[in-house]
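I have placed the structure first, in the form of structure tokens, so that the comments after it can refer back to it.
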Amino acid sequence: QVQLVESGGGLVQAGGSLRLSCAASGRTFGTYRMGWFRQAPGKEREFVGRITWNSGDTYVADSVKGRFTISRDSAGNTVYLQMNSLKPEDTAVYYCAARMITTSSYDTWGQGTQVTVSS
């Protein structure tokens with residue numbers, strides 16, 4: 001079992017940057033991908049990006065491509081979401097999630113961290 005804790009959210013002005021962290025603990029063996037998602041009030045949860053656990057391959061959604069990057073701390077079990085050139089529409093609760101190699105869905109979720117971008 002994997003436990004996830006997000007941190008790093010906060011209030012930032014448009015054009016600013018923020019770096020979110022997702023600390024994974026417990027049994028990380030068997031993790032296939034770590035994903036980042038976001039959800040604004042009244043809106044559906046949106047996929048932001050992911051990193052493949054073993055290979056380090058990353059992918060981000062078109063809506064954030066060129067502004068957001070995903071990385072992993074090789075010294076530990078922490079995944080990062082670097083957010084640059086933030087826009088008000090990026091305002092949401094951001095979640096990290098773990099997808100196991102034996103499944104095709106993200107089954108383990110963190111508690112979320114609020115990101116608010118002011119104009």
Side-chain angles (χ1 to χ4, degrees):
Q1 294 182 352
V2 178
Q3 295 81 44
L4 306 176
V5 179
E6 302 98 333
S7 62
L11 176 64
V12 65
Q13 284 187 288
S17 298
L18 209 59
R19 190 176 203 180
L20 306 183
S21 299
C22 177
S25 62
R27 293 187 62 186
T28 56
F29 175 81
T31 301
Y32 173 51
R33 284 174 174 170
M34 296 289 292
W36 283 100
F37 298 80
R38 65 186 182 184
Q39 187 169 25
K43 296 184 178 180
E44 294 184 352
R45 185 173 60 203
E46 178 187 11
F47 172 77
V48 176
R50 53 80 175 165
I51 182 169
T52 302
W53 190 257
N54 290 331
S55 70
D57 291 342
T58 60
Y59 172 85
V60 296
D62 289 342
S63 60
V64 301
K65 200 166 189 175
R67 300 188 298 119
F68 291 11
T69 57
I70 296 174
S71 63
R72 178 188 172 187
D73 184 356
S74 61
N77 293 328
T78 302
V79 174
Y80 302 98
L81 179 65
Q82 178 67 48
M83 305 184 295
N84 299 325
S85 302
L86 283 162
K87 305 174 182 179
E89 50 263 45
D90 295 320
T91 296
V93 177
Y94 283 72
Y95 300 89
C96 65
R99 174 182 171 183
M100 307 307 293
I101 198 167
T102 57
T103 70
S104 60
S105 63
Y106 291 92
D107 297 322
T108 302
W109 295 79
Q111 84 288 350
T113 185
Q114 177 70 48
V115 173
T116 302
V117 184
S118 64
S119 59

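Since the model is a prediction, treat every value here as computed from it, not as a measurement.
In this structure, R99 and R50 have side chains that are not in contact, with every pair of non-hydrogen atoms separated by 4.5 Å or more. Put simply, the side chain of V79 reaches to within 4.5 Å of the side chain of I70, judged on heavy atoms. Between L81 and M83, some side-chain heavy-atom pair lies under the 4.5 Å cut-off. Counting heavy atoms from C-beta on, the side chains of Q114 and T91 come closer than 4.5 Å. At a threshold of 4.5 Å between non-hydrogen side-chain atoms, the residues R19 and S71 count as touching. E46 has its side chain within reach of S63: a pair of non-hydrogen atoms, C-beta onward, lies under 4.5 Å apart.
Scanning all heavy atoms of the two residues, the minimum distance from C22 to M34 falls at SG-CE, 3.7 Å. Of all heavy-atom pairs between A92 and A40, the closest is CB-N, 3.9 Å. Nearest heavy-atom pair across L4 and Q111 is O-OE1, 3.8 Å. Closest non-hydrogen pair, G35 versus Y106, comes out as N-CE2, 3.5 Å. Residues L11 and S118 approach most closely at CD1-CB, 4.4 Å, considering heavy atoms. Shown here for S119 and P88, the closest heavy-atom pair between the two residues is CB-CG, 3.9 Å.
A distance-only check finds no donor-acceptor pair linking the side chain of E6 to the backbone of T113 [under 3.5 Å].
Here T108 contributes atom OG1 and Q3 contributes atom CD; the two are 8.0 Å apart, rounded to the nearest 0.5 Å. Atom-to-atom distance recorded for T31:OG1 and I51:CD1 is 12.0 Å, nearest 0.5 angstrom.
Considering R33, R72, M100 as possible partners of W53, the one that fulfils the side chain to side chain contact (heavy atoms under 4.5 Å, CB included) test is R72.
Taking the six-membered ring where the residue is Trp, the centroids of F68 and W36 are separated by 6.0 Å or more.
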Original post:
Run the side chain to side chain contact (heavy atoms under 4.5 Å, CB included) check on R38 and D90 step by step: do they pass?
Top reply: CA-CA 9 Å; R38 65 186 182 184; D90 295 320; 2.9 Å; yes
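Criterion: ILVMFWY side-chain heavy atoms under 4.5 Å apart, direct or through other members. Under it, V115 and V64 are part of a common hydrophobic cluster. With hydrophobic clusters built from ILVMFWY side chains whose heavy atoms lie under 4.5 angstrom apart, Y95 shares a cluster with Y59. Note: the hydrophobic cluster containing L20 does not contain W109 (ILVMFWY, side chain heavy atoms under 4.5 Å, direct or indirect links). With hydrophobic clusters built from ILVMFWY side chains whose heavy atoms lie under 4.5 angstrom apart, V12 shares a cluster with V48.
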